[in-house]
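The structure appears right after this line, and notes come after that.
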Amino acid sequence: MAGAGMHPYHQQWAAAAAAPPPPAMQPPGAPPAPPPAAAAVHPVPHHSPILAPEEVRTIFITGLPDDVKERELQNMLRWLPGYEASQVNYKGEKPMGFALFSSPPLAIAAKDNLQGLVFDVDMNSVLHTEMAKKNLFVKRGIVVESGGYDQSKRMRTGGDYTHPAYVSPSPFHPPPAPVWGPHGYMAPPPPPYDPYTGYPVAPVPPVPMVAPPPVPTPSSYLPVQNIKDNPPCNTLFIGNLGENINEDELRGLFSVQLGFKQMKVLRQERHTVCFIEFEDVNAATNVHHTLQGAVIPSSGSVGMRIQYSKNPFGKRKDGIYSAVAPGANGNPTTMTFQ
DNA sequence: AGCACA
């Protein structure tokens with residue numbers, strides 16, 4: 001079986017979620033949704049200067065048995081390159097499946113591959129696939145129809161085919177000769193399917209997998225005694241961070257604060273402290289207030305103390321001011337003024 | 001209470 005390829009990482013939703021919510025999906029044969037003025041459905045994509053029509057990368061699947069489970073469909077589809085999400089719509093007479101792929105070519109490849117597949121021998125169900133009219137709308141990992149009724153029909157899905165070179169050892173074996181339905185779509189017949197090499201798909205530039213960095217928010221706040229603060233400045237001094245404070249967590253917390261410029265951690269004998277520079281005193285003051293006493297996981301059960309720094313960034317004790325200015329060659333040059 | 005770096 002598929003060892004390494006089995007667990008989808010659910011990475012591809014962001015792009016889909018960024019798409020504007022389309023109207024509720026229609027099966028390819030269905031009449032178009034309420035015609036908004038003259039801008040009805042054009043057979044040829046018409047180039048609106050305002051909104052380019054979205055490329056369809058969703059396939060429409062019929063021929064599913066009445067008792068098909070979304071899970072069944074998903075477990076079949078997840079092996080197909082570029083698979084992102086799927087949904088079964090039970091609203092009509094027969095269940096209608098929709099499957100979103102990462103690109104139109106991958107959707108077409110999947111459509112051709114699934115065409116004529118015997119989904120259930122006993123129930124004599126043979127799949128029929130077409131390109132959908134609209135893309136399946138995926139929002140934050142949850143498949144939704146933008147028409148938005150009946151949340152109970154939603155499901156979580158996902159695929160992990162960002163690697164075009166990866167060939168899945170598919171557990172299913174489509175019939176050698178696809179059965180063509182009565183519809184008019186005439187694509188060149190797919191090459192013979194080899195379960196050990198998969199079907200050919202157009203190469204897609206690999207999408208770098210970027211693990212989203214954890215963005216810590218304070219898990220709680222504890223009262224801190226903050227007597228003897230310094231005069232307001234653009235730099236905060238953070239103390240009372242606990243024994244084993246994690247620098248990345250700290251950075252995650254502070255780097256998202258408005259006006260954040262830089263952070264410097266100072267590990268000392270017993271105490272770790274850190275300095276945060278902000279754009280201006282205002283930004284520093286906000287954080288001074290909002291995060292006072294904040295507790296993050298690695299700080300244990302203590303709330304951090306936030307004070308203004310004695311020696312703000314860019315200001316030296318000896319009164320020498322420094323600034324970074326572009327030099328004659330365009331490179332930053334540190335200039336000091338007395 | 002622990003305040004560096006330019």
Side-chain angles (χ1 to χ4, degrees), chain A residues 9 11 14-15 18 140 162 206-338:
Chain A
Y9 287 98
Q11 288 288 334
R140 291 242 269 145
T162 48
V207 179
M209 292 276 220
V210 181
V215 179
T217 46
S219 26
S220 62
Y221 292 86
L222 289 174
V224 291
Q225 37 187 345
N226 191 13
I227 44 175
K228 280 246 177 290
D229 203 341
N230 301 297
C233 64
N234 74 337
T235 305
L236 296 179
F237 170 87
I238 318 293
N240 203 35
L241 286 167
E243 298 275 340
N244 27 41
I245 185 70
N246 174 349
E247 183 171 336
D248 291 331
E249 259 181 30
L250 262 188
R251 185 171 299 279
L253 175 62
F254 284 106
S255 62
V256 298
Q257 303 301 320
L258 203 66
F260 170 89
K261 279 184 87 171
Q262 58 175 316
M263 168 176 134
K264 173 136 175 103
V265 174
L266 183 63
R267 297 203 167 267
Q268 297 180 127
E269 185 73 25
R270 262 194 69 86
H271 305 285
T272 294
V273 298
C274 91
F275 301 87
I276 323 268
E277 186 195 12
F278 292 88
E279 298 280 352
D280 49 33
V281 185
N282 223 335
T285 300
N286 277 337
V287 173
H288 189 291
H289 292 151
T290 58
L291 291 182
Q292 187 67 270
V295 180
I296 57 178
S298 67
S299 56
S301 51
V302 294
M304 59 184 68
R305 172 170 45 256
I306 303 184
Q307 300 174 295
Y308 295 107
S309 174
K310 284 177 195 162
N311 305 295
F313 268 105
K315 233 172 240 174
R316 295 161 57 138
K317 290 180 208 169
D318 52 17
I320 301 173
Y321 291 76
S322 84
V324 175
N329 56 5
N331 294 329
T333 306
T334 299
M335 310 178 62
T336 54
F337 310 93
Q338 297 266 1

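Per chain, numbering begins at 1; letters A, B, ... match sequence-line order. From a predicted model like this one, the values you see are computed outputs, not experimental measurements.
Looking at the side chain of N230(A), the nearest of the listed nucleotides dA4(B), dC3(B), dG2(B) is dC3(B).
The aromatic rings of Y308(A) and H288(A) lie parallel to each other, their planes meeting at an angle below 30°, with 60° marking the opposite boundary.
Here dG2(B) presents its P atom at 13 Å from CD of Q225(A), a figure rounded to the nearest Å. Rounding to whole angstrom units, CD of residue Q268(A) and P of dC5(B) are separated by 11 Å. Atom CG of N234(A) is separated from atom C1' of dA6(B) by 13 Å (rounded to the nearest Å). Taking atom CD1 of residue I227(A) and atom C1' of nucleotide dG2(B), one finds them 14 Å apart after rounding to whole Å. With rounding to whole Å, E277(A) atom CD is found 12 Å from dA4(B) atom C1'. For the pair N311(A) CG and dA4(B) P, the interatomic distance rounds to 7 Å; values are reported in whole Å. The nearest whole Å value for the distance from the CG atom in L236(A) to the P atom in dC5(B) is 19 Å. One atom, CZ of F275(A), and another, P of dA6(B), lie 13 Å apart when rounded to the nearest Å.
Residue E269(A) is out of contact with every strand shown, counting any heavy-atom pair closer than 4.0 Å. If you check every strand for non-hydrogen atoms under 4.0 Å, T235(A) touches a base.
F237(A) and F275(A) have their aromatic ring centers within a separation under 6.0 angstrom.
A salt bridge links R270(A) with E243(A): at least one charged nitrogen is closer than 4.0 Å to a carboxylate oxygen.
Between the side chains of S298(A) and E249(A), at least one donor-acceptor pair of N or O atoms lies under 3.5 Å.
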